[in-house]
Amino acid sequence: HVMEDAFKLEIADPETGAILPDGEKGTISITTLYKWGAPQIRFNVNDISAFHTDRDCPCGCTMRRLKRIYGRNDNMVKLRGVNVFPEAIGAAMLEDTRSNGEFFCFVDRVGEARADHMDVWVEAAGPGVDKAAFGQDTERRLKEVLGVKVQVTPVDKGQLDKYTGTSSTSKVKRLLDRRDK
């Protein structure tokens, strides 16, 4: 629930800044309505969410509700017209016991048509994992989760640390967009 007597939340299109109708995903901006501390006016928290279209809540509160936080706008990438959040890939990886949960996404433009392409490298949980089957199954699962086809490349455990920085930083990276803008 948004405490509308203390804060005004807006959901805006990440590219244009236009305020979106209830139900549509966009970045959250917040305005504080009290003057304690520094005022925040349309502060973009860079999280992606959407308002529920129905104000009725089982708890009885009538204030607006966010559906959920879908991910960070700075982690989102648009791939062939679909917004892709690395967090969704991570959730899918945690469901599969053949994965140790580590992944990294490379986004490029390929071929003469300069088509958007994402290659998701995923770490296998151990040496006994059939990487071919794991890769094919993961490609199918990610198509369901993301709504767009991506390539999956299974790699050995520990191979992604140079990209993610898991062992050296608390701000783990999951995406490298190498498309020329």
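In this chain, numbering begins with 1 at the start of the sequence shown. A quick note: this is a predicted structure, and the numbers were derived from the prediction, not measured.
- Once rounded to the nearest 0.5 Å, the distance linking CD1 of Ile11 with NZ of Lys67 reads 10.5 Å.
- At least one side-chain heavy atom of Asp96 sits under 4.5 Å from a side-chain heavy atom of Phe134.
- Scanning both residues, Phe51 and Leu9, for their nearest heavy atoms gives CZ-O, 3.6 Å.
- Scanning both residues, Gly147 and Val82, for their nearest heavy atoms gives O-CG2, 4.1 Å.
- No salt bridge links Asp130 with Arg98; every basic N to acidic carboxylate O contact stays at or beyond 4.0 Å.
- Contact detail for Ser49 and Ile69: the closest heavy-atom pair is CB-CD1, 4.1 Å.
- Neither Val155 nor Phe103 shares a network with the other; the hydrophobic side chains, linked directly or stepwise wherever heavy atoms of I, L, V, M, F, W or Y lie under 4.5 Å apart, form separate groups for each.
- For the pair Arg141 and Glu95, the salt-bridge criterion is met [side-chain N within less than 4.0 Å of a carboxylate O].
- We find the CD-NZ distance between Glu102 and Lys157 to be 10.0 Å, quoted to the nearest 0.5 Å.
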Review item, side-chain donor-acceptor pairs of residues 121-128, under 3.5 Å, at least two apart:
from	atom 1	to	atom 2	distance (Å)
Trp121	NE1	Asp119	OD2	3.1
Glu123	OE1	Asn100	ND2	2.8
Glu123	OE1	Gly158	N	3.0
Glu123	OE2	Gly158	N	3.2
Glu123	OE2	Gln159	N	3.2
Glu123	OE2	Leu160	N	2.9

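- Evaluated for a side chain to side chain contact (heavy atoms under 4.5 Å, CB included) with Val150, the options Val120, Val145, Thr138, Ile89 yield exactly one hit, Val120.
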Steps toward side chain to side chain donor-acceptor pair (under 3.5 Å) verdict (Asp22, Thr53): CA-CA 5 Å; Asp22 289 357; Thr53 55; over 6 Å; no

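- Here the CD atom belonging to Glu87 is positioned 10.0 Å from the CD1 atom belonging to Ile48, to the nearest 0.5 angstrom.
- Remark: Thr31 OG1 to Phe7 CZ distance equals 10.5 Å, nearest 0.5 Å.
- Under the 4.5 Å side-chain heavy-atom criterion for ILVMFWY residues, a single connected hydrophobic cluster contains both Ile28 and Val2.
- Stacking of Arg174 on the aromatic ring of Phe104 is not recorded, the 6.0 Å distance cut-off and the 45° axial limit not both being met.
- Note that CG of Leu146 and CG of Asn83 are 11.0 Å apart. Values are rounded to the nearest 0.5 Å.
- Under a cut-off of 6.0 angstrom, the local environment of CZ in Arg42 is sparse, with at most 12 non-hydrogen atoms contributed by other residues, nucleotides or ligands.
- At least one side-chain heavy atom of Glu4 sits less than 4.5 Å from a side-chain heavy atom of Arg64.
- Side-chain atoms of Val107 and Leu79, non-hydrogen and from C-beta on, do get closer than 4.5 Å to each other.
- The shortest distance between side-chain heavy atoms of Thr62 and Cys57 does not fall below 4.5 Å.
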Test side-chain contact (heavy atoms from CB on, under 4.5 Å) applied to Met3 and Met63, step by step: CA-CA 7 Å; Met3 299 299 118; Met63 293 189 188; 4.2 Å; yes

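- Partners of Phe43 under the side-chain contact (heavy atoms from CB on, under 4.5 Å) rule, at least two apart in sequence or in another chain, are Ile30, Gln40, Val45.
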Chi angles and distances behind the side-chain contact (heavy atoms from CB on, under 4.5 Å) call for Arg179, Asp116: CA-CA 8 Å; Arg179 297 177 290 188; Asp116 291 340; 3.1 Å; yes

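- With sequence neighbours left out, the side-chain contact (heavy atoms from CB on, under 4.5 Å) criterion links Asn44 to Thr27, Ser29, Asn46.
- Remark: Arg178 engages Asp108 in a salt bridge, criterion side-chain N to carboxylate O under 4.0 Å.
- In this structure, Tyr163 has its ring center under 6.0 Å from that of Phe106.
- Residues Glu144 and Leu142 form no side-chain contact, since every pair of their non-hydrogen atoms from C-beta on lies 4.5 Å or further apart.
- Around the NZ atom of Lys131, the shell of radius 6.0 Å holds more than 12 heavy atoms that belong to other residues, nucleotides or ligands.
- With Val152 as the fixed residue, the side chain to side chain contact (heavy atoms under 4.5 Å, CB included) test singles out one of Glu139, Lys143, Arg140: Glu139.
- The CZ atom of Arg65 sits 6.0 Å away from atom NE2 of His1, with the distance rounded to the nearest 0.5 Å.
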